[in-house]
Amino acid sequence: MTTSVEAGVEAPKPPAFIDIKPRRGQNGWLSQHVGTAALGGFLGYILGHWLGNFIGSSYPYIANSGQNSLAVLLALLFMVVGWLLGIGALNHPIAKILGREAKGEVEYTGWTRYFRYNLDHKVVGIQYVVGVLIFFFTGGLLAMAIRTELLNPTVHVFSADTYIKIVSEHGTIMMMMASSVVVGPLGNYFVPLMIGSRRMAFPRIEAFSLWTFIAGYFVIFSALAYGGFPTGWTGYAPLQTQAGPGMVSYLFGFAVISVGMMTAGFNLAVTIINYRAPGMTWSRVPVFVWSIIATAALLTLASPVLTAAGLFGLLDKTAQTSFYVTEHGGSSYLWQNLFWFFGHPEVYIMALPGFGIVGEIIPVFTRKPLFAYRIAAAGMIGVALLSFFVWQHHLFQSGIDPDMRPLFMLTTELISIPTGFIFLVGMGTLYRAKIRYEVPMLFCMAVYFNFLIGGISGVFLSDVPVNVTVHGGFFVLSHFHYTIMGGLIFAFFGGLYFWLPKMTGRTMNKKLGLWHFWTMFGFFNLTFFPMFIIGLLGQPRRVFSYARNLQTLNEFSSIAAFFLGASFLIFVANLMWSQFIAPEKAPANPWDSLGLEWQTATPIPHYNFERIPVIMTDPYHYSEVGAPALADFGNGPPVHASSAVAAAIEPEQ
Amino acid sequence: MSDAFKAADKIRISDTPEEREFELRAHIGAIWSGGRLFIGMYTFLLASLVFSYFYLRSSNNGILWRPNHVTAPTAYGWTIYTLTLLAASMAIFGQARLRRGNVSEWQAAIWVGVVAALFALFMQIWEFTAVPFYPGSSGYASTFIGYSVMNILTIFIVAYWLETTVARSHWLVKEFRGVEIQFSKHPSAQSFRANVASMTYFMGFVALSSTLLFAMFYLL
């Protein structure tokens, strides 16, 4: 009886989770796609708004105030639900109520697959690339507006009120983008390939994270339509409580994005733990994957706190609770605690994947094994753990018992130790290396340069006396732009130049890539380095006017910022040129990398590998004569490191 | 035809029994670790509420943490708590029956759990009409409203997970044509059992966290 299915008369079909035959999807425009999602979002918005007004009309305080935050919240909530229904994200959860098992993956063909709820991690990765670039360019345009305003201390382009709202929107959009900029596109695309997996653990959750992330963009952008919000990206109360309905967009937008972050991290962590190919032991996992699992842990555990903080804020705005209203038994410091308990791990959510990319790229261009690989992995886990114990340094000037300051100063300084490990791993790899200065490598070198400045200024800022002195000024602003933009965004572009040939099968134009790099690197430093000085001279953040003697430095910074903005247009031009206008087929492994992701066919088949590979060593045995075989791919002799190394060093000889 | 399909057709992706076994093990592992990670994630969500409760309680700004020791309606609280505990207990009890090979008893237990959870959900929403304080009247009042909203989410997840699992079991019983799904080595049956195990583990977590939160908001 117990084994009769196996011995059985007629066993049910193999379930989707082990099947590798995707169903062909219908490409018709009647099926679900981004158009139906937009329609669902629009209808949801209308319905939610009507419902909010219907409910709100019976409450005098809403009718008297003329601001119905409930209507705004319900409109945005229903918009997100409608969007997810329209794209098809909720089809399976609804079908499950009837007991239906998940259907196999649907393979859509042609370019329309990028506009659908696609379960292929490679398609999701490319959808994420486009998504984060839209975020980035929107936030970048707002940055241009900020620098335009700061050209002159007395002649204003915007009012003070509009200026702070632009700053707030810029900060929020950029932080939302930065939390997913590597994990979303490159993590989703390359983690399964790097661990030798044919699939993600939960492809529906992966796709859900993407479409939630995009919905979050619309929600946060809707703040402008509601008059914006004046709190900066940190959303501090009591300003938060006093702000108009644009604040609802901020709070709900962050809550939506945090759900996307949680689900993305959850899926990646579970995939890395369970779907590593045979032989892919923890000591052979690529350093990029280590960075992603450390980040995934932070995303999974820190983001729920942001969701809760957002929920409490929304209840304050709509149900008239007083979580953050000190006069009614709440506390504005509660928001600061909850926000930064997420917010500081968030900094490492942004930094770690950047280090992962760099750690993956530099051995390829130095033809050396990654120096102290295990230290790098340990450093990433150490940073992830410690990041939960430092959030109070954001409250050095508020809401903290002064006697607690030294403790959090110490924990903050401690975190620089594992961070330093990661940095030194890079330096050790570069030491006495014959470096090939290709575009991705240049971006990696820039990461080290920029992060050194950002990191050292961060160590200064962790000390209470310095922190108290420069708090709320341009010094802090410059510090975090050096770490986040100088570290993460440079690493992201390095990763794009490195992996785009694998993702699209087309080579990026090197000359345009070099122009992009040098202009971005030069003007980035010219924009942000003067801000350290501006900050030390006393210019506060988020204020549209400043002392006359700071005008020259501000003008300098603004003009450099415009060129920095223009440098991204070179990237866009390169992308268009190389991918669409004059596409040039990329070699199978243009950088002679030993990474597992480069060993499969290009374009990558739907299930990645013809056979699940058996891994024999880590992928960093560059220039090692007699290095062990990398992996057995089951379709010929095992791929050996020395053959790839020989091919790589031949041109130099 | 897409590039990916051309390439896939060209190299004829297929799988071997070993590969299927590998995929199955990975899938079962994913359900196991996913279930645990979900509990970790949910713990942080609830911990935010617990932190807020004690933060506002110890701050007691304006002596407005809990004026006159107002309490949410305890009758509702006990009812919701008991029903949630019943739903969680049914999952735990049901799994013991399933392990002994009794699918129908497991199904009956889970359906009882679903009904209990839905009733708890209804009561949790209905309680808003009986709360004897204004949401913003005190720190306690605010955190209670926050707790209620989070509890709605928790109970919804409980009801959804129980219902979808038991609904799936009915399909499986039908598909397997009388073969006992609790012992079968078929991938679908193994996946189902892993899901039941993860669900039961989560229900244990819900029982514990509900007890803590109930004590905080109704007893302390």
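Chain letters run A, B, ... following the sequence lines, proteins first, then strands; residues in each count from 1. Reckoned from all heavy atoms, side chains included, excluding hydrogens, waters and symmetry mates.
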> Among Phe192(B), Tyr140(B), Phe51(B), which has the most heavy-atom pairs under 4.5 Å with chain A?
Phe51(B)
> How many angstroms lie between atom CD of Gln320(A) and atom CD1 of Ile145(B), to the nearest 0.5 angstrom?
12.0 Å
> Please determine, among Leu334(A), Val305(A), Asn267(A), Leu338(A), the option with the most heavy-atom pairs under 4.5 Å with chain B.
Leu334(A)
> Taking side chain as everything from C-beta outward and backbone as N, CA, C, O, which of these in Ser52(B) sits under 4.5 Å from a heavy atom of chain A? Side chain, backbone, both or neither.
both
> Run the numbers on Leu64(B) and Glu327(A) for side chain to side chain contact (heavy atoms under 4.5 Å, CB included), then give the verdict.
CA-CA 8 Å; Leu64(B) 277 172; Glu327(A) 299 81 7; over 6 Å; no
> Just wondering, do Phe312(A) and Thr143(B) contact through their side chains at under 4.5 Å, heavy atoms?
no
> Output the option from Val270(A), Thr307(A), Thr271(A) having the highest count of non-hydrogen pairs under 4.5 Å with chain B.
Val270(A)
> In terms of ring plane angle, is the pair Phe44(B) and Phe388(A) parallel, tilted or perpendicular, where the classes change at 30° and 60°?
tilted
> Heavy-atom pairs under 4.5 Å with chain B: which of Asp316(A), Ile273(A), Leu315(A) has the most?
Leu315(A)
> Say you draw a straight line from OG of Ser138(B) to NE2 of His328(A); how long is it, rounded to the nearest 0.5 Å?
11.0 Å
> Is it true that the side chains of Ser59(B) and Ser331(A) contain a donor and an acceptor less than 3.5 Å apart?
no
> Could you pull out the closest heavy-atom pair between Asn274(A) and Ser33(B), with the gap in Å?
ND2-OG, 2.6 Å
> With only heavy atoms counted, which part of Arg276(A) is less than 4.5 Å from chain B, the side chain, the backbone, both or neither?
backbone
> Is Val166(B) in contact with chain A via its backbone, its side chain, both, or neither, using a 4.5 Å heavy-atom distance?
neither
> Which of the residues Ala309(A), Gly505(A), Ser322(A) is involved in the greatest number of heavy-atom pairs with chain B at under 4.5 angstrom?
Ser322(A)
> What option among Ala167(B), Ser169(B), Pro135(B) has the most heavy-atom pairs under 4.5 Å with chain A?
Pro135(B)
> If you draw a 6.0 Å radius around OH in Tyr134(B), do more than 12 non-hydrogen atoms from other residues or ligands fall strictly inside?
yes
> List the steps, then state whether side chain to side chain contact (heavy atoms under 4.5 Å, CB included) holds for Tyr333(A) with Tyr55(B).
CA-CA 9 Å; Tyr333(A) 296 134; Tyr55(B) 189 88; 3.1 Å; yes
> Contact part of Leu98(A) toward chain B, heavy-atom cut-off under 4.5 Å: side chain, backbone, both or neither?
backbone
> Please determine whether side chain to side chain contact (heavy atoms under 4.5 Å, CB included) holds for the pair Arg168(B) and Arg100(A), giving the CA-CA distance in whole Å, both sets of side-chain angles, and the decisive distance to 0.1 Å.
CA-CA 6 Å; Arg168(B) 179 76 201 126; Arg100(A) 302 289 168 86; 5.9 Å; no
> Just so I understand: if I count every heavy-atom pair under 4.5 Å between each of Ala319(A), Ala302(A), Ala95(A), Pro93(A) and chain B, which residue has the most?
Pro93(A)
> Could you tell me which portion of Phe38(B) (side chain, backbone, both or neither) has an atom closer than 4.5 angstrom to a non-hydrogen atom of chain A?
both
> Could you look at Ile97(A) and say if it's the side chain, the backbone, both or neither that has a heavy atom under 4.5 Å from chain B?
both
> Looking only at heavy atoms and a cut-off of under 4.5 Å, which of Pro278(A), Ala201(A), Ala269(A), Gly634(A) has the most pairs with chain B?
Pro278(A)
> Tell me, side chain or backbone of Val325(A) under 4.5 Å from chain B's heavy atoms, or both, or neither?
neither
> Can you tell me which portion of Ala297(A) sits under 4.5 Å from chain B's heavy atoms? Options are side chain, backbone, both or neither.
neither
> Side chain, backbone, both or neither: which part of Tyr42(B) has a heavy atom under 4.5 Å from chain A?
neither
> Between Glu163(B) and Lys96(A), does any NZ, NE, NH1 or NH2 come within less than 4.0 Å of an OD or OE carboxylate oxygen?
no
> Would you say Asn68(B) has more than 12 foreign heavy atoms packed within less than 6.0 Å of its CG?
no
> Counting N and O atoms only, with roles assigned by atom type, does the side chain of Asn61(B) sit under 3.5 Å from a partner on the main chain of Gly330(A), one being a donor and the other an acceptor?
yes
> Calculate, to the nearest 0.5 Å, the distance between atoms CG and CG belonging to Leu311(A) and Leu153(B) respectively.
9.0 Å
> Minimum heavy-atom separation for Tyr275(A) to Ala30(B), with atom names?
CE1-CB, 4.0 Å
> Between Thr43(B), Ile28(B), Leu56(B), which has the largest tally of heavy atom pairs under 4.5 Å with chain A?
Leu56(B)
> Please indicate whether Tyr218(B) has more than 12 foreign heavy atoms, meaning atoms of other residues, nucleotides or ligands, lying under 6.0 Å from its OH.
yes
> Do Glu18(B) and Ile612(A) have side chains that approach each other closer than 4.5 Å (heavy atoms only, starting at C-beta)?
no
> Could you tell me whether a side-chain N or O of Thr321(A) sits under 3.5 Å from a main-chain N or O of Ser142(B), the two making a donor and an acceptor?
no
> With a 4.5 angstrom heavy-atom cut-off, is it the side chain or the backbone of Phe323(A) that approaches chain B, or both, or neither?
both
> Taking all heavy atoms of Ser48(B) and all of Pro304(A), pick out the closest pair and write down the distance.
OG-O, 4.3 Å
> Taking all non-hydrogen atoms of both residues into account, name the closest pair between Thr300(A) and Met41(B) and its distance.
O-CG, 3.2 Å
